[in-house]
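As structure tokens, the structure follows; a few thoughts come after it.
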Amino acid sequence: MMTIATVILAAGLGKRMKSKRVKVLHPIAGQPMILYSVETARRLPSDKIIVVVAHQADAVKEVLANRPVEIVHQGRPLGTGHAVLQTQSLLAGFIGPVLILNGDVPLITVETLQSMLKIHRDQGADLTLLTATLSHPEGYGRVIRDPDGEMIAIVEEADATPVQRAVQEVNPGFYLVNAPFLFEALKKLKSDNAQKEYYLTDIVKAAVRQSRKLRAVSAQDPAEVMGVNSRMDLARTEKALARRIAERHMREGVTLLDPETTWIEADVAIGRDTLIYPNVRLEGMSRIGEDCVIHSHTRISNCRLGTGVTVKDACVLAESVLEDGTAVGPFAHLRPGTVLHKGARIGNFVETKKTEIGEGSKANHLTYLGDAVIGKEVNIGAGTITCNYDGVNKHRTMIEDHVFVGSDTQFVAPVRIGRGAVIGAGSTITKDVPPDSLALSRAKQEVKKDWAKRRKKVKGKR
Ligand code: UD1
Ligand code: CA
């Protein structure tokens with residue numbers, strides 16, 4: 001395979017986004033837009049990948065920090081042609097084809113770029129351009145052809161005549177150009193156009209003038225070439241990517257009852273025969289095992305779920321581990337550092353944080369467990385609270401295997417409950433409890449016989 005050099009354009013601010021943040025750092029499916037182009041480029045045989053930056057250059061560089069790319073500063077971004085020209089010194093001596101990618105068209109596939117490369121090589125072209133035919137070409141440069149169908153120019157929308165605007169064949173922003181011709185043409189660009197910019201697209205006219213060999217490859221899937229210029233484009237792209245990711249998981253054997261409302265970020269992995277209800281978000285590096293069931297209105301970020309885990313409706317799970325056969329929800333909140341060992345259950349309105357729950361243990365109702373280590377087969381009664389914070393420091397609650405905690409118990413940490421102990425309902429536990437004992441700390445109940453009856457008589461009621 002002929003090697004190429006790749007240039008990714010990421011210097012523009014993206015005025016139409018109306019954002020403090022540079023456009024290429026806006027996330028799509030949880031990942032900054034620029035990383036899509038970079039990761040796609042990495043799958044091609046590139047000698048080097050150069051990213052052109054200007055606006056918020058440091059922030060863009062930080063996002064690219066551990067990627068094998070070189071960075072070029074554009075200074076003042078004077079247009080896409082000016083941007084590519086900045087790579088000249090880094091590409092000195094390189095005579096192969098330069099692949100140029102607009103950094104704001106994230107869904108391009110490596111297959112499409114490979115087909116461009118194949119045509120470019122097989123036909124010995126000087127310039128190969130990707131084109132797409134869209135029913136709504138607004139916002140894109142239009143591909144202008146002569147009566148014989150030969151491509152003769154790309155005209156930006158701002159410069160187009162009404163007849164040119166009616167053209168539906170557009171330039172999505174992907175070019176292969178042989179380096180010597182590219183830099184020679186870039187140096188001759190002028191900015192006498194509606195936007196007073198040096199347009200990369202003007203190299204098409206230069207190629208025609210010099211009778212260079214031009215080729216166009218048409219993109220098959222319009223979703224691939226969606227450019228992000230506005231928040232509307234961002235939403236469309238997010239949706240198209242969500243659909244693409246959802247289909248990948250369905251092909252691999254995951255059931256999504258409603259792919260339209262299931263949002264799965266790019267790096268999430270899901271095992272076969274897992275069933276996902278509508279309106280679920282799976283984020284970050286989450287790993288979901290096989291045969292899990294995830295009900296609606298749940299968000300899972302950076303969690304690891306084993307096999308056969310059930311998450312009932314309306315749960316929020318973050319940075320937690322749920323081993324095989326565990327069950328959570330409805331309405332549970334597992335905060336970072338929660339570990340549920342095999343078969344453990346967390347029920348309604350339970351919040352956990354930095355807490356480990358042993359095999360087969362349960363906390364089924366209205367509970368807060370923070371900084372706690374809970375052993376096997378423990379039953380945590382409704383309304384149990386670990387008082388882990390004294391206003392200054394956090395303290396741990398240790399509950400050993402087979403403990404039974406009655407309802408409405410407070411554990412004032414630090415405190416340790418020995419194996420097999422029983423805590424009476426309504427207790428405030430401030431001291432360690434030895435194994436196999438009963439701890440009770442509630443006031444003794446008093447009963448005043450006939451007291452209520454007497455009161456009613458006084459008030460004249462029956
Ligand atoms: C560009 C194309 C247009 C095409 C569209 C497709 C030109 C002149 N026009 O228009 O034909 O249909 O992309 O997506 O190329 N950038 C720089 N430095 C600059 C200006 C831009 O690096 O000085 C970067 C931007 O960060 C962005 C990309 O180049 O990633 C495209 O810039 P943008 O301003 O969005 O160009 P479009 O108007 O969309
Ligand atoms: Ca654009």
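Every number for a ligand or one of its atoms is a count from 1 in the order of the listing. What you are looking at is a predicted structure, and each value in this text was computed from that prediction instead of being measured.
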Going by distance alone, is a donor N or O of one side chain under 3.5 Å from an acceptor N or O of the other, for [X] and [Y]?
X	Y	result
E39	Q31	no
H341	E323	yes
T397	T386	no

Does [X] come within less than 4.0 angstrom of ligand 1, counting non-hydrogen atoms of the residue?
X	result
K23	yes
G227	no
R16	yes

If you have a sec, work out which protein heavy atom is nearest [atom] and how many Å separate them, to one decimal?
atom	value
atom 23 (O) of ligand 1	G79 N, 2.7 Å
atom 16 (N) of ligand 1	G12 N, 3.7 Å
atom 21 (C) of ligand 1	T80 CG2, 3.8 Å
atom 18 (N) of ligand 1	Q74 OE1, 2.7 Å
atom 22 (O) of ligand 1	A11 N, 2.9 Å
atom 29 (O) of ligand 1	L9 CB, 3.4 Å

Which segment of [X] sits under 4.0 Å of ligand 1 when only heavy atoms are counted:
X	answer
A54	neither
E156	side chain
L78	backbone

Would you check whether P172 has a nitrogen or oxygen atom less than 3.5 angstrom from a nitrogen or oxygen atom of ligand 1?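 Yes, there is a polar N/O contact under 3.5 Å.
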Are any of the N or O atoms of V52 closer than 3.5 Å to those of ligand 1?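 No, since none of the N or O atoms of V52 sits under 3.5 Å from an N or O of ligand 1.
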With distance as the sole test, does [X] use its side chain to make a donor-acceptor pair with the main-chain N or O of [Y] at under 3.5 Å?
X	Y	result
K48	L90	yes
T274	C292	yes
D390	N393	yes

I need the OD2(D104)-the Ca ion (ligand 2)-OD1(N229) angle, rounded to 10 degrees.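 The angle at the Ca ion (ligand 2) comes to 90°, rounded to the nearest 10°.
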Ignoring hydrogens, just give me the one of [options] whose non-hydrogen atom is nearest [atom].
atom	options	result
atom 31 (C) of ligand 1	I8, V22, N102, T201	N102
atom 35 (O) of ligand 1	D104, V53, V155	D104
atom 5 (C) of ligand 1	N171, V7, V51	N171

CZ (R212) with more than 12 external heavy atoms under 6.0 Å: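 Counting other residues, nucleotides and ligands, CZ of R212 exceeds 12 neighbours.
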Hey, could you give me the CD1/CD1 distance between I49 and I71, rounded to the nearest 0.5 Å?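 Taking CD1 in I49 and CD1 in I71, the distance rounds to 11.0 Å.
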Do K23 and D104 meet the salt-bridge criterion of a basic N to acidic O distance under 4.0 Å?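 Between K23 and D104 there is a salt bridge, with a charged N closer than 4.0 Å to a carboxylate O.
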Got a salt bridge between E138 and R165, using NZ or NE/NH1/NH2 to carboxylate O under 4.0 Å?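 Looking at R165 together with E138, the answer is no, because their closest N to O distance does not fall below 4.0 Å.
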Return the minimal non-hydrogen interatomic distance between G227 and Y140, and the atom names on each side.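 In this case the closest contact between G227 and Y140 is N-OH, 3.1 Å.
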I need the atoms of ligand 1 closer than 4.0 Å to a non-hydrogen atom of V105, numbered in the order shown.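 Going through ligand 1 atom by atom, the ones under 4.0 Å from V105 are 14 (O).
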